[in-house]
Amino acid sequence: MATIKCIIKNCSHNESGHSCGLPEVIIGTHEANPTQVECTDCQSFELDK
C-alpha cells in the first residue's frame, strides 16, 4: 500500500505533520499545458476549520 505524504498543515486531511488521511488524492492543474511543478494542484485539499 502506498503512503500519501503532505506538508500542508492547514489541510483538514493532514495527520501527524506529514501524513494525509485520505486513501487517495486528486492531483490536477490550473494550466492548459503544465510544464513545472508549480502548475500542479492537490484538488483534494480542504481547509481545516
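Just so you know, residue 1 is the first one in the sequence shown, and it goes up from there. Because the structure is predicted, anything quoted here is derived from the model rather than measured.
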ask   = Can you check whether T40's main-chain N or O pairs, donor with acceptor, with T29's side chain at less than 3.5 Å?
value = no
remark   = Students should find that the hydrophobic cluster of I4, defined by side-chain heavy atoms under 4.5 Å apart, otherwise consists of L22, V25, I27
key: Beyond-backbone contact of S19 with K5, side-chain heavy atoms, under 4.5 angstrom   = yes
query = Atom SG in C11, atom CG in D48: separation rounded to 0.5 Å?
reply = 8.0 Å
ask   = Atom NE2 in H13, atom SG in C6: separation rounded to 0.5 Å?
value = 9.5 Å
query = Taking only residues two or more places apart in sequence, or in another chain, which ones meet N33 in a side chain to side chain contact (heavy atoms under 4.5 Å, CB included)?
reply = T35
inquiry  = Among residues at least two apart in sequence or on other chains, which ones pass side chain to side chain contact (heavy atoms under 4.5 Å, CB included) with I7?
reply    = H18
inquiry  = Within the structure provided, determine whether F45 and N14 are in side-chain contact (heavy-atom separation under 4.5 Å).
reply    = no
task = Please check if the side chain of D41 supplies one atom and the backbone of H30 the other of a donor-acceptor pair under 3.5 Å.
result = yes
